[in-house]
**Q** 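I have a structure I would like to understand better, so I am pasting it below and will then ask my questions one at a time.
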Amino acid sequence: MKRITEMLAAGTTFSFEFFPPRDDREQRLLTQAIRDLAPLRPSFVSVTYRGGAASRHRTTAVVEDLLRTTSLVPMAHLTCVAHTRFELGEIMGGFRALGCENLLALGGDPLPEGQSKHELAYASELVRLGRRLGFPSIGVAAHPAGHPRSPDLASDRRYLAAKLELADFAITQFFFELDEYLRLRDDVAERGVRKPILAGIMPITSLASVQRMAELSGYRVPDAVVARVTAGGEGHDAIRERGIELAAELCAALLEHGVPGLHFYTLNFSRATREVYAKLGMVPAS
Ligand code: FAD
């Protein structure tokens, strides 16, 4: 199966997110992470669109490499912000020409002065463009705590439901408590949209860096989660151990509540994902 839509129709998906490398050191980390995670046989892997226009070549190169040298099914991310409508069409055409059937259509964060194109303002417009160009399997982003540029949660949910109606599935920003996911799913369902919403999983291996990433996406790591991961002390190993435990418990609870897919933010490392898999009994602990 090459399309995420078909995978979701067949059962629960397990997927990994990577970012395209900027230099040789990052390339080595990515190559190693892919090598270590491929044996877990993910349903698909996704490649982010990192930063501005330079990602056109970087993301395309990783997608091409995955298709040429592995049996993994890639999903390319693409953001509106860095390109004109014409360029976005060209980039999508390029992904399709490589044999990539899956796209994550994103608005993208504002770029430094002069680099934002402003031709397509929202992810929903990119979904429409992708459909017109015949992209068969399109996902979008969902933000359990609401998007930071939204005036309020209700309007964000309204736009998310409308966007998801056009797309095939959504993947959430990371979160740490089951209720955050269930509230999002219920809110979207209340608006009459029942497309699959995959849960984004970020095992906490460093509290400070997760809090920084959370802040950037307008999310605050819940106090109860901070208390739980620091209960054994503030040392790196103690936090890491509890962070992995917490991620495994969240995954198990989500699976129990019928989540259609778990999408792991790997940050181009493999260890945390493999440890969560082991705790879920999906691979032997190594
Ligand atoms: P959009 O759906 O475009 O929404 C942005 C804001 O506009 C929201 O507040 C929304 O409520 C509002 N809105 C939507 N439609 C309308 C409308 N018609 N009228 C008025 N307001 C509207 N970023 C990257 O740069 N590269 C990546 O690869 C990347 N991958 C991601 C993967 C996932 C799973 C997630 C959750 C996020 C990812 N991001 C990525 C971050 C994302 O680009 C940012 O969160 C960005 O600020 C918003 O993108 P979006 O697609 O969620 O927003």
Side-chain angles (χ1 to χ4, degrees), residues 4 13 15-22 44-56 58-60 62-63 74-83 88 91-92 95 100 102-112 115-130 138-175 180-181 184 187-188 191 193 195-202 213-219 259-268:
I4 295 168
T13 61
S15 51
F16 306 145
E17 181 172 303
F18 300 116
F19 59 80
R22 284 190 177 136
F44 66 93
V45 296
S46 83
V47 184
T48 69
Y49 207 80
R50 188 184 184 195
S55 209
R56 176 173 185 162
R58 292 190 189 123
T59 300
T60 302
V62 177
V63 167
M75 171 172 72
H77 295 208
L78 182 59
T79 62
C80 297
V81 68
H83 299 285
L88 290 166
I91 296 166
M92 279 193 252
F95 291 150
C100 181
N102 306 295
L103 180 79
L104 194 70
L106 299 146
D109 291 317
L111 294 170
Q115 291 180 33
S116 297
K117 294 296 187 227
H118 305 296
E119 288 198 10
L120 267 60
Y122 302 111
S124 52
E125 296 169 71
L126 195 55
V127 178
R128 281 201 180 88
L129 183 60
I138 306 182
V140 291
H143 305 268
H147 188 271
R149 290 201 297 277
S150 290
D152 52 59
L153 189 61
S155 77
D156 192 50
R157 293 290 205 255
R158 199 169 62 245
Y159 287 124
L160 170 61
K163 171 172 81 167
L164 191 44
E165 202 153 32
L166 300 171
D168 297 305
F169 59 91
I171 302 181
T172 74
Q173 190 52 272
F174 64 81
F175 60 93
E180 298 177 87
Y181 175 82
L184 170 78
D187 286 353
V188 171
R191 287 166 171 81
V193 180
K195 301 268 176 78
I197 302 178
L198 284 60
I201 304 296
M202 171 84 84
M213 284 185 272
E215 208 177 296
L216 290 175
S217 60
Y219 173 63
V259 75
L262 296 176
H263 185 71
F264 289 83
Y265 292 105
T266 71
L267 305 178
N268 292 3

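Just so you know, ligand 1 is whichever comes first in the structure, and atom 1 is the first atom listed for that ligand.
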**Q** Show the atoms of ligand 1 that are less than 4.0 angstrom away from any heavy atom in Ile171.
**A** 34 (C), 36 (C)

**Q** May I ask you to identify the nearest protein heavy atom to atom 7 (O) of ligand 1, giving residue, atom name and distance to one decimal place in Å?
**A** Tyr122 CE2, 3.3 Å

**Q** Which residue holds the protein heavy atom closest to atom 47 (O) of ligand 1, what is that atom called, and what is the gap in Å?
**A** Asp109 OD1, 2.5 Å

**Q** If you count the atoms of ligand 1 from 1 in the order shown, which ones are under 4.0 Å from a heavy atom of Tyr265?
**A** 33 (C), 34 (C)

**Q** Quick one: which ligand 1 atoms are inside 4.0 Å of a heavy atom on Ala141?
**A** 35 (C), 36 (C), 37 (C), 52 (O)

**Q** Is the contact between His263 and ligand 1 made by the side chain, the backbone, both, or neither, using heavy atoms and a 4.0 Å cut-off?
**A** neither

**Q** With heavy atoms only and a cut-off of under 4.0 Å, state how Leu104 meets ligand 1: side chain, backbone, both or neither.
**A** side chain

**Q** Should the proximity of Phe19 to ligand 1, defined as any heavy atom under 4.0 Å, be assigned to the side chain, the backbone, both, or neither?
**A** neither

**Q** I'd like to check which ligand 1 atoms, numbered from 1 as shown, lie under 4.0 Å from a non-hydrogen atom of Ser150.
**A** 8 (C), 9 (O), 10 (C), 11 (O)

**Q** Under 4.0 Å from a heavy atom of Thr79: give me the atoms of ligand 1 that qualify, with their elements.
**A** 24 (C), 25 (O), 26 (N)

**Q** In terms of the angle between their ring planes, are Phe175 and Tyr181 parallel, tilted or perpendicular, with boundaries placed at 30° and 60°?
**A** parallel

**Q** What part of Asp156, side chain, backbone, both or neither, has a heavy atom within less than 4.0 angstrom of ligand 1?
**A** both

**Q** Just to be sure I read this right, does ligand 1 sit under 4.0 Å from the backbone of Arg50, its side chain, both, or neither, counting only heavy atoms?
**A** neither

**Q** Does a side-chain N-to-carboxylate-O contact under 4.0 Å join Arg149 and Asp109?
**A** yes

**Q** Would you say Gly108 touches ligand 1, if touching means a heavy atom closer than 4.0 Å?
**A** yes

**Q** Considering only heavy atoms of Thr48, which atoms of ligand 1 have at least one such atom less than 4.0 Å away?
**A** 28 (O)

**Q** Judging by distance only, is a nitrogen or oxygen of Arg149 under 3.5 angstrom from one on ligand 1?
**A** yes

**Q** May I ask you to identify the nearest protein heavy atom to atom 40 (C) of ligand 1, giving residue, atom name and distance to one decimal place in Å?
**A** Leu106 CD1, 4.0 Å

**Q** Give the atoms of ligand 1, by number and element, whose distance to some non-hydrogen atom of His143 is under 4.0 Å.
**A** 45 (O), 52 (O)

**Q** How are the rings of His263 and Phe44 set to each other: parallel, tilted or perpendicular (split at 30° and 60°)?
**A** parallel

**Q** Below 3.5 Å, N or O to N or O, backbone or side chain included: is there any such pair between His147 and ligand 1?
**A** yes

**Q** Taking heavy atoms and a distance under 4.0 Å, where does Tyr159 meet ligand 1: side chain, backbone, both or neither?
**A** side chain

**Q** Looking only at distances, please establish whether an N/O atom of ligand 1 is found under 3.5 Å from an N/O atom of Ala123.
**A** yes

**Q** Hey, does Gly107 come in under 3.5 Å of ligand 1, counting only N/O atoms on both sides?
**A** yes

